[in-house]
Amino acid sequence: MHPYRSHTCGELRQSHAGQTVRLSGWIHNRRDLGGVLFLDLRDHYGITQIVVPPNAPFQDAISRLGKETVIRIDGAVRIRPDGTANANLPTGDVEVVVAEYEVLGTCQALPMNIFPEDHTPEETRLTYRFLDLRRSALHHNILQRSRVIASIRRRMTDLGFNEFQTPILTASSPEGARDFLVPSRLHPGKFYALPQAPQQFKQLLMMSGFDRYFQIAPCFRDEDARADRSPGEFYQLDMEMSFVTQDDVFAVCEALFPPLFAEFQPTWKLPLEDGGKFPRITYADAMLKYGVDKPDLRIPLEIKDATDLFAGSEFKAFANKTVRVLKVTGCADKPRSWFDGLQDLAKKLGAQGLAYVIVEEGGTLKGPIAKFVTPAVTAELQARTGAVVGDTIFFSAHTDASIAAGLLGHMRNHFGRELNLIEPNTFRFCWIVDFPMFEKDPETGAVAFSHNPFSMPQGGMEALLTQDPLTIKAFQYDIVCNGIELSSGAIRNHVPDIMYKAFEIAGYGPEVVNDRFKGMINAMKFGAPPHGGIAPGVDRIVMLLADEPNLREVIAFPMNQNAQDLLMNAPSPVSDKQLRDVHLSLRKPPGQAAAGAAAAPASGAAKA
RNA sequence: GGAGCCAUAGCUCAAUCGGUUAGAGCGCUGCCCUGUCACGGCAGAGGUUGCGGGUUCGAGCCCCGUUGGCUCCGCCA
């Protein structure tokens, strides 16, 4: 017989009755009735009830084993007595009467309960992640992640894509997020960088003639964390295609995502437009109607412009500023404290406050700024927003249109949650298209790339030569689902002259392009195909499919908000020898780092 | 870099307006219990209320500072 098991803990049924079996697993729970003792034995596959009979010589010893001890048991499968089956367990019709057992792994006092799965501080969960991962909720999420990725690979292959690997140690990129740097031992003073994305490599693969590329690609960016943004590293479903238009890229995503999401969340609604397409919203429209470039379309609220209504107003807070309004139903009867809370939230977001009026009988307005709104403007506001008696109209005004829009964008999401307006159990996808190619750097006022410098400007060279750069749009697009930016992509610029010109507009001479994008600009001069792609975030896809609000719930070993791995204790100091090897000295060694460095050789020795 | 919230037993939480010996459930230890499945019952151990300072006759509670965590802003081509 196998030393550990003949069956798994999720396997036994009535048909196994009478067989002698061997099971191994964790002691999940224990019910000691004095005479008879029940153990729930758990492994990856399930839970099986083990019975220790009253006359067993080892009953006292086995009853003292703590939860999460790993044991092996031998025993006979039998059908449970009438009325004692457990319908909640797949194995609940049977039990195993233990004849012999062996402890395979002892367990100390636990820092957290595996069962029942009560709330535990995240710091504890991350420090003891291997315990957290045993709990069914997280265990299931991680397994689901594995299945989602397997499904993605199968679907991408079926769509004609080939999977490639690209380097992890590569060159630092001049734009974008901060790089993680890796010092070179062989080249003193030089550094590798971990890729922020395999952007140039995938384009080079297209120029190498491979036509359809994908990769479940690790990406590294040294930026601060958010609930939907892991610090340091994350995975993208990176893809790129040759000889395609924007519509061709969209078609691939529309063939991939709806069936993928239906596979893993089959009961949820996934509304699509005719032909199975995602709605397309221009960047400008999204900023106007939703105040963000990643609108949550499950929330049935829409922002309207009211700039013209207050253009010459005597109300200085609104006059000659961009004014946006948001009608909200169902909050007029909220107490004053609720509206005060909104003021605090608005201030937190950097606004002066959040002006509002409530529509009353007869079309009059109530509220702190009601006296500044003339009857004519009131009528027009009601017409534009559709506000009726009992509705509240919120205002946002700023000289910078995007700030005015942004405040109501945040408030729109806030109201969605607060007033329970979010359409339940639904995935609302959309495309955001026509992103601007350039934007004004708010600090320097200079023209800079707005997103990806490798995107093809709409209108090509002619647009670059004739248009105001700030009006040029790019073939640059995002997929958004339920207010989460799943991915961004673009049709790339494959024409060297247009590339040089675009960089010139952004303030970089040809020598910069030649130096920093040497491989790619070179490849573009030797017959580059038109190409484009997109890179949906795998972690965010799994987060949506698992219906989790936080990325850490779908990552096996995540870092905390401060980019620390509490389980592996990273980052950590290194020894002086390691630093010397890579020609580094610490600029400002803090006291604790010096102490840690002294201890490092010991851990190094342990490894060897 | 900045803001908000949080920090009480191993874990989840409570402790009235600042007032007697800081409580309960889970877990742990011991005992009882022959059909439980979140088993039940009895008893017990377990606390520098994150840390430092202050106000006060008296601080878990108020004030200041600090550390850590989460969320958000900046940042994320």
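Throughout, protein chains are lettered first and strands after them, A, B, ... in sequence-line order, and every chain is numbered starting at 1. Atoms considered below: every heavy atom in the structure, side chains included; atoms not considered: hydrogens, waters and symmetry mates.
The gap from the P atom of B/rC61 to that of B/rU16 amounts to 12 Å, rounded to the nearest Å. If you take atom P in B/rC26 and the same atom in B/rA43, they sit 13 Å apart, rounded to whole Å. Across B/rG50 and B/rC6, the matching C1' atoms stand 12 Å from one another, rounded to whole Å. Distance noted for atom C1' between B/rG4 and B/rG74: 15 Å (whole Å). Across B/rA15 and B/rG23, the matching P atoms stand 14 Å from one another, rounded to whole Å. Only the C1' atoms considered, B/rU66 is 34 Å distant from B/rC28, to the nearest whole Å. B/rG25 and B/rG41 have their P atoms separated by 10 Å, with the value rounded to a whole Å.
A/S136 and A/E117 share a side-chain donor-acceptor pair at under 3.5 Å. Under 3.5 Å, the side chains of A/Q49 and A/N86 contain no donor-acceptor pair of N or O atoms. Between the side chains of A/D434 and A/Q458, a donor-acceptor pair is found at a separation under 3.5 Å.
Using a 4.5 Å heavy-atom threshold, the side chains of A/V249 and A/Y477 count as touching. Between A/L181 and A/Y192, every side-chain heavy-atom pair lies at or beyond the 4.5 Å cut-off.
In this structure, A/N413 places its CG atom 10 Å from P of B/rC73, rounding to the nearest Å. B/rG68 atom P lies 16 Å from atom CG of A/L126, rounded to whole Å. Rounding to whole angstrom units, CG of residue A/N452 and P of B/rC76 are separated by 14 Å. Rounded to whole Å, atom P of B/rU71 lies 13 Å from atom CZ of A/R417.
A/R31 has a side-chain polar atom (N or O) that falls below the 4.0 Å cut-off from OP1 or OP2 of B/rC39. The side chain of A/H410 contributes an N or O atom lying less than 4.0 Å from OP1 or OP2 of B/rC73.
If you check residues 546-554 of chain A against RNA chain B, the residues with a heavy atom closer than 4.0 Å are A/N550, A/R552, listed by number. Near RNA chain B, meaning a heavy atom under 4.0 Å away, the residues from residues 76-99 of chain A are A/R78, A/R80, A/P81, A/T84, A/A85, A/N86, A/E95.
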**OP:** Indicate for each nucleotide in nucleotides 1-13 of chain B, in 5' to 3' sequence, whether protein heavy atoms under 4.0 Å reach the base (B), only the sugar-phosphate (S), or nothing (-).
**Re:** B--------SSS-
Subject >> nucleotides 29-34 of chain B: protein proximity per nucleotide (B base, S sugar-phosphate only, - neither; heavy atom, under 4.0 Å) >> reply: -SS-BB
Quiz: residues 218-228 of chain A side-chain donor-acceptor pairs under 3.5 angstrom, not counting sequence neighbours:
residue	atom	partner	partner atom	Å
A/R221	NE	A/Q196	O	3.1
A/R221	NH2	A/Q196	O	3.2
A/E223	OE2	A/R178	N	2.9

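For A/T84, the side chain to side chain contact (heavy atoms under 4.5 Å, CB included) test picks out A/R80, A/P81, with sequence neighbours left out. Take A/D293 and apply the salt bridge (charged side-chain N to carboxylate O under 4.0 Å, His left out) test, not counting sequence neighbours, and it matches no residue. Listed by chain and number, the residues in a ring-ring contact (aromatic ring centres under 6.0 Å, His included) with A/H7 are A/H16 (sequence neighbours excluded). Applying the ring-ring contact (aromatic ring centres under 6.0 Å, His included) test to A/Y283 and every residue at least two apart in sequence or in another chain returns A/F435. Residues that satisfy the ring-ring contact (aromatic ring centres under 6.0 Å, His included) test with A/Y500, not counting sequence neighbours, are absent from this structure.
Ion pairing between a basic and an acidic side chain is recognised when a charged N comes within 4.0 Å of a carboxylate O; A/R229 and A/E485 show no such pairing.
The base of B/rC76 has none of its N or O atoms less than 3.5 Å from a complementary donor or acceptor on the side chain of A/R221.
Applying the side chain to side chain donor-acceptor pair (under 3.5 Å) test to pairs two or more places apart or on separate chains, those with a residue in residues 51-66 of chain A are A/D60-A/R64. Listed by first and then second residue, the salt bridge (charged side-chain N to carboxylate O under 4.0 Å, His left out) pairs involving residues 412-422 of chain A amount to none (not counting sequence neighbours).
Toward the 5′ end of RNA chain B lies the nearest nucleotide of A/F115, the other residue of the pair A/R226 and A/F115 mapping further downstream. Checking A/D40 against A/E123, the closest nucleotide of RNA chain B that is more toward the 5' end is the one next to A/D40.
Between A/F454 and A/F503, the angle of the ring planes lies from 30° to 60°, which puts this pair in the tilted group.
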